[in-house]
Amino acid sequence: MPELPEVETVRRGLATLIVGKKVVHESHDWPKSFPNTKADVEQFLIGANITAINRRAKVLLIELSSGYTLVTHLKMTGQIVFRGDAVFGAGHPNDSLIGELPDKSTRVTIDFSDGSHLYFNDQRKFGWMKLYPTLEVPEIDFMKRVGPEPLEDDFTAKDFSVRFTRRKNTSIKAALLDQTVVAGVGNIYADESLWGAQIDPRRKVGDVSGSEFERLYEELRYVMNLAIEKGGSTDKNYVDAEGKRGSYMDFARVFRREKQLCPRCGAIITKIKHAGRGTHVCENCQT
DNA sequence: CACTTGACCTGTCCGC
DNA sequence: TGCGGACAGGTCAAGT
């Protein structure tokens with residue numbers, strides 16, 4: 001599920017909902033979802049206050065007053081949902097995907113001193129939360145290797161195209177999905193931005209021209225900014241920190257629109273398998 | 001090193 | 001209705 005816009009949406013929600021709260025209890029039923037020892041939890045999580053919520057690529061960083069950070073990756077089906085006294089989203093089926101919590105997919109529960117709760121749900125169990133000393137977070141392998149944030153103001157089209165030179169023999173889609181090239185791009189926004197730039201996802205990086213890279217840069221930033229504005233994309237599982245769906249899928253031009261008409265040229269959109277992923281393309285106007 | 005494929009999991013959908 | 005297989009938004013470890 002979550003790519004950069006979804007994780008950013010969760011981050012913004014959590015920043016208003018849980019910063020300042022004090023953790024009093026944690027429980028989990030699947031060790032891989034929260035691999036720290038009980039002693040670490042006691043020492044660095046219980047009794048700590050939430051001081052800030054940050055994001056790098058698709059990783060959520062929940063900072064604690066203990067000097068530790070709860071590093072969180074939602075992978076494919078992770079959800080982080082806050083519940084206070086009110087049940088957010090209940091009775092609004094178009095707005096919320098989930099009801100009572102904890103539910104069947106709840107892997108981790110964190111309780112706050114004011115009686116509110118944070119739930120980490122993850123149907124497929126690929127995601128995880130893990131405590132790291134805050135100062136060591138930049139030393140985590142993934143953090144050292146991940147590429148630049150594509151939405152930063154000082155990230156230019158030139159910076160973007162230069163990142164791809166190392167991968168000139170692979171396809172443009174495989175390179176876009178490579179987190180060491182650029183941070184935060186996943187299957188939805190790869191397909192959407194390539195459609196916007198009118199580039200066939202199977203093209204070799206080495207055959208993509210400078211002006212095409214400029215278009216792709218603009219389109220990637222456009223779709224990701226739009227997706228953040230729309231609260232992300234809910235295809236199946238994704239919800240924000242209040243349990244609400246995102247609406248970008250209503251604006252998608254190719255993703256999950258196979259057999260429908262291309263909004264640009266009217267040809268039929270096809271779905272193929274490429275780079276090990278379902279890939280949506282208009283074979284008529286993406287060349 | 002660059003590149004590709006399989007593994008990690010559960011749930012759903014599709015064809016027989 | 002049941003059953004097998006393919007597939008799902010991500011990343012790593014292995015393999016070539």
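Below, chains carry the letters A, B, ... as their sequence lines are ordered, and counting in each starts from 1.
Here B/dC9 is the nucleotide among B/dA2, C/dA8, B/dC9 with the atom lying nearest to any side-chain atom of A/Lys32. The side chain of A/Thr170 approaches B/dT4 more closely than any other nucleotide in the set C/dG9, C/dG10, B/dT4. The side chain of A/Phe126 lies closest to B/dC8, out of B/dC3, C/dG9, B/dC8. You'll find that the side chain of A/Phe142 is closest to C/dC12, out of C/dC12, B/dC9, B/dC3. Listed nucleotides: B/dG11, C/dG9, C/dT11. Nearest to the side chain of A/Met76: C/dG9.
Counting any heavy atom pair closer than 4.0 Å across all strands shown, A/Gly127 reaches no nucleic acid atom. Using a 4.0 Å heavy-atom distance criterion, A/Tyr189 is classed as making no nucleic acid contact. Heavy atoms of A/Gly186 sit under 4.0 angstrom from primed sugar atoms or phosphate atoms, though from no base atom. Within 4.0 Å (heavy atoms only), A/Arg107 reaches no atom of the nucleic acid at all.
Across all strands shown, C/dG9 has no partner, as no Watson-Crick or G-U wobble contact with both distances under 3.5 Å is found. The pairing partner recorded for B/dC9 is none, the criterion being a Watson-Crick or G-U wobble arrangement whose two distances lie under 3.5 angstrom.
Between the CD atom of A/Gln79 and the P atom of C/dG9 there is a distance of 16 Å, rounded to whole Å. Atom-to-atom, CG of A/Leu4 to P of C/dT11 comes out at 11 Å; the value is rounded to the nearest Å. To the nearest angstrom, P of C/dA8 lies 12 Å from CE of A/Met249. A/Arg167 places its CZ atom 14 Å from the P atom of B/dC1, with the value rounded to the nearest Å. Distance, A/Lys104 NZ to B/dT10 P: 10 Å, rounded to whole Å. As a whole-Å value, the separation of A/Trp30 CH2 from B/dT10 C1' is 10 Å. One can place CZ of A/Arg124 at 12 Å from C1' of C/dA6, the figure rounded to the nearest angstrom. Put simply, CD on A/Glu6 is 9 Å from P on C/dG10, counting in whole angstrom units.
Atom P of C/dA14 sits at a distance of 15 Å from the matching atom of B/dC9, rounded to the whole Å. Between B/dC3 and C/dG9, the two C1' atoms lie 23 Å apart (nearest whole Å).
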### Task
Run the numbers on A/Phe164 and A/Phe213 for ring-ring contact (aromatic ring centres under 6.0 Å, His included), then give the verdict.
CA-CA 10 Å; A/Phe164 288 78; A/Phe213 268 116; 5.1 Å; yes

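With no hydrogens or angles considered, no side-chain donor-acceptor pair links A/Thr109 and A/His28 at under 3.5 Å. For the residue pair A/Thr156/A/Asp159, the side-chain donor-acceptor check at 3.5 Å is satisfied. For the residue pair A/Asn121 / A/Thr106, a side-chain donor-acceptor distance below 3.5 Å is found, with atom types taken as modelled. Checked by atom type, the side-chain pair A/Tyr238/A/Glu3 shows no donor-acceptor distance below 3.5 Å.
Mapping A/Lys236 and A/Arg166 onto DNA chain B via the closest heavy atom, the residue that lands nearer the 5' end is A/Arg166. Along DNA chain C, the nucleotide nearest A/Arg277 and the nucleotide nearest A/Lys273 are compared for position; the residue whose nucleotide lies closer to the 5' end is A/Lys273.
Phosphate proximity of C/dT11 to A/His73: present, with a side-chain N or O under 4.0 Å from OP1 or OP2. Distances shorter than 4.0 Å separate some side-chain N or O of A/Lys58 from OP1 or OP2 on C/dG10. Considering only side-chain N and O atoms, A/Lys75 lies nowhere under 4.0 angstrom from the phosphate OP1 or OP2 of C/dT11. One finds a side-chain N or O of A/Gln179 lying less than 4.0 angstrom from the OP1 or OP2 phosphate oxygen of C/dT11. OP1 or OP2 of C/dA8 has at least one side-chain nitrogen or oxygen of A/Lys271 nearer than 4.0 Å.
Here the side chain of A/Arg203 pairs a donor or acceptor atom with the backbone of A/Asp207 at under 3.5 angstrom.
Residue A/Tyr238 and nucleotide C/dG9 are not classified as a stacked aromatic pair, given the requirement of ring centres less than 5.5 Å apart at an interplanar angle below 30°.
Around the CZ atom of A/Phe251, the shell of radius 6.0 Å holds more than 12 heavy atoms that belong to other residues, nucleotides or ligands.
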